[in-house]
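Everything on this sheet refers to the single structure shown next.
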Amino acid sequence: LFPFVSSVIYDIMEVQVSGTFVFKRGFLRFSRLRALLLAFALMECAERSVGQNQRPGSVDGHGHSYDLDLDAETPGPWYPYPPIVSDEPPTIFIGTSAYRDERCAKTLFDAFTKAQYPEKVYIGLVDQTGEYDVDCVELYCTMWSEQLQDDSHCPYRSHITQLKLDYTKAAGPVKARYLQQTLINNEEYCLQVDAHSMFVEDWDVKMVEMWKLANNEMAVLSSYIGNISGYGVNMQGRNEVPTLCNLEWGHTGGSLKVPRNSIAAAAWALPRPKLSTLWGAGLSFSKCHAELNVPYDRYLPHVFDGEEFSRALRLFTHGYDVYAPHRNYIYHHYMPRGQHRTQWNGDRNYEVTTAHKRVGEKVEDPKAHFSEQLKRSYTRLR
């Protein structure tokens with residue numbers, strides 16, 4: 001815009017009159033340099049006049065994030081809400097869902113032992129297991145007893161809320177993560193990770209400080225995260241981080257296709273979190289009002305492809321902005337394909353097809369054909 005304004009000013013001042021140019025002689029000669037300076041001055045004045053209304057004056061609740069009024073009209077141009085922060089260490093809720101996952105206990109143990117303020121950390125766990133599977137929390141307590149040489153004490157056990165489910169009745173990650181959100185209990189920040197994650201030292205303080213750098217109360221830090229093989233490594237010597245850039249059409253096993261994230265790209269040497277468009281389920285960190293205002297859609301059983309794009313879309317339309325983290329503080333234990341334990345509980349094709357149609361309806365996929373009954377049902381639910 002700046003070069004355009006300066007060019008217009010220069011053209012106006014060079015109007016030809018009787019074979020000569022106005023302001024072309026002597027001290028009043030009008031050069032491109034003067035056009036640039038004048039354009040800069042005009043745009044600076046415009047920016048300052050707009051800046052008077054660039055942020056809302058206050059939010060409801062006297063600074064308490066849960067009472068943030070998302071429906072309030074904002075005067076002037078739209079700018080993010082300034083972050084509401086405190087000098088006190090905040091409480092952090094970790095939501096995670098495990099499906100017959102023996103790595104779950106290590107995730108819980110790592111979260112508490114690597115936190116600078118473990119007394120501020122709370123975990124909501126949806127544990128989907130069978131009769132002969134290891135109980136995640138019991139194994140977590142065993143890890144503590146081995147380290148402390150004391151069977152009578154399990155530190156921070158009271159900070160873990162466990163919802164146990166029979167794995168044969170599991171309905172996929174979306175339903176499980178909807179249930180884990182119901183375990184939030186007035187914590188300030190919410191972190192979603194998979195039940196096979198590792199944390200760096202002081203991850204709790206570092207994640208909050210990184211969130212503050214977005215300078216946006218509505219910020220959600222999210223991306224795919226690196227494998228534990230790169231734990232604590234400055235990737236490529238330039239602080240390389242994963243970032244989500246592209247979508248692709250995922251297959252549901254039938255003719256219907258739904259949008260899903262493509263493989264992560266890389267960014268490096270970022271000074272702060274990078275504004276993004278896509279959200280990843282393996283890492284999501286925000287104020288808890290994001291989880292409460294935009295809960296998981298519990299009517300998407302057995303959905304994998306489509307989960308992340310659906311959530312990104314709903315976060316955005318509720319006023320939230322997704323940012324890719326600029327540093328790696330949490331890592332993921334990826335398993336080789338074929339080593340995951342899966343379950344097939346009867347014929348679930350109808351549920352899967354209906355759920356994916358619901359995702360398609362949200363994005364108004366022109367490739368999907370929906371019955372009028374499904375459209376009416378979704379309109380009521382929405």
Side-chain angles (χ1 to χ4, degrees), residues 61 63-68 83-98 104-127 136-137 140 144 154-163 177 179-223 225 273 279-296 315 320 322-332:
H64 195 282
S65 62
Y66 286 107
D67 293 325
L68 186 64
I84 302 170
V85 297
S86 170
D87 294 332
E88 297 296 320
T91 52
I92 299 178
F93 172 86
I94 300 177
T96 189
S97 298
C104 170
K106 173 61 176 173
T107 299
L108 273 55
F109 187 81
D110 217 46
F112 285 114
T113 57
K114 300 285 183 63
Q116 185 171 331
Y117 300 103
E119 70 279 4
K120 296 288 187 176
V121 175
Y122 296 84
I123 295 179
L125 167 66
V126 177
D127 198 11
C136 178
V137 177
Y140 161 81
W144 270 115
C154 182
Y156 309 111
R157 173 62 184 87
S158 62
H159 286 220
I160 303 172
T161 303
Q162 182 185 28
L163 178 60
R177 287 167 179 154
L179 292 173
Q180 84 189 19
Q181 287 178 325
T182 66
L183 305 178
I184 298 171
N185 186 27
N186 295 322
E187 291 85 5
E188 184 174 3
Y189 290 88
C190 278
L191 169 66
Q192 176 176 296
V193 293
D194 288 335
H196 32 269
S197 302
M198 286 186 64
F199 301 78
V200 301
E201 291 288 345
D202 300 329
W203 66 267
D204 52 335
V205 174
K206 292 176 179 177
M207 288 298 294
V208 171
E209 290 303 314
M210 181 163 58
W211 179 87
K212 290 178 182 178
L213 289 176
N215 196 32
N216 184 352
E217 176 69 16
M218 313 296 280
V220 179
L221 303 181
S222 183
S223 183
I225 54 179
W279 179 90
L283 172 68
S284 181
F285 185 81
S286 64
K287 286 290 189 72
C288 283
H289 57 68
E291 296 291 293
L292 299 175
N293 290 326
V294 194
Y296 261 92
L315 283 167
Y320 291 92
V322 179
Y323 294 78
H326 75 300
R327 293 293 182 270
N328 297 313
Y329 297 142
I330 301 174
Y331 294 82
H332 190 283

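None of the values given here were measured: they were computed from a predicted structure.
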So does [Y] get a backbone contact from the side chain of [X], meaning a donor-acceptor N/O pair under 3.5 Å?
X    : Y    : value
D204 : A115 : no
Q181 : Y296 : yes
D110 : M198 : no
Q192 : A281 : yes

Taking the ring centre of each residue, are Y189 and F285 less than 6.0 Å apart?
yes
Pairwise side-chain contact, [X] with [Y], heavy-atom cut-off 4.5 Å (strictly under):
X    : Y    : result
Y117 : V205 : yes
F93  : N185 : no
P273 : P325 : no
I92  : V208 : yes
S284 : L191 : no

For the residue pair [X] and [Y], categorise the inter-ring angle as parallel (less than 30°), tilted (30 to 60°) or perpendicular (more than 60°).
X    : Y    : result
F112 : Y140 : tilted
F199 : W203 : tilted
H196 : H332 : perpendicular

Nearest heavy-atom neighbours spanning [X] and [Y]:
X    : Y    : result
M210 : Y329 : CE-CD1, 3.7 Å
Y156 : P118 : OH-CG, 3.2 Å
E188 : P90  : OE1-CB, 3.3 Å

Calculate, to the nearest 0.5 Å, the distance between atoms [atom1] and [atom2] belonging to [X] and [Y] respectively.
X    : Y    : atom1 : atom2 : result
I94  : S197 : CD1   : OG    : 9.0 Å
Y122 : T161 : OH    : OG1   : 10.0 Å
T113 : K106 : OG1   : NZ    : 6.0 Å
L315 : S222 : CG    : OG    : 8.5 Å
M218 : N293 : CE    : CG    : 7.0 Å
C154 : W144 : SG    : CH2   : 8.5 Å

Note: D202-K206 ion pair, threshold 4.0 Å (strictly below):
no
With distance as the sole criterion, is a donor-acceptor pair present between the side chains of E217 and H289 under 3.5 Å?
yes
Passing option when V137 is tested against D127, L125, I123 for side chain to side chain contact (heavy atoms under 4.5 Å, CB included)
L125
Stepwise side-chain hydrogen bond (donor to acceptor under 3.5 Å, both in side chains) test for N216 and Y323
CA-CA 10 Å; N216 184 352; Y323 294 78; 3.2 Å; yes
What pairs with E201 under salt bridge (charged side-chain N to carboxylate O under 4.0 Å, His left out), at least two apart in sequence or on another chain?
none
Full working for side-chain contact (heavy atoms from CB on, under 4.5 Å) between C136 and L108
CA-CA 9 Å; C136 178; L108 273 55; 4.0 Å; yes
Using the side-chain contact (heavy atoms from CB on, under 4.5 Å) rule, take E291 and V220 through it: C-alpha gap first, then chi angles, then the decisive distance, then the call.
CA-CA 10 Å; E291 296 291 293; V220 179; over 6 Å; no
Give the intermediate values and the outcome of side-chain contact (heavy atoms from CB on, under 4.5 Å) for residues W211 and K287.
CA-CA 9 Å; W211 179 87; K287 286 290 189 72; 3.6 Å; yes
Do any pairs count as a side chain to side chain donor-acceptor pair (under 3.5 Å) and have a residue in residues 83-97, sequence neighbours left out, and if so which ones?
S97-Q180
Derivation and outcome, side-chain contact (heavy atoms from CB on, under 4.5 Å), residues I330 and V193
CA-CA 9 Å; I330 301 174; V193 293; 4.2 Å; yes
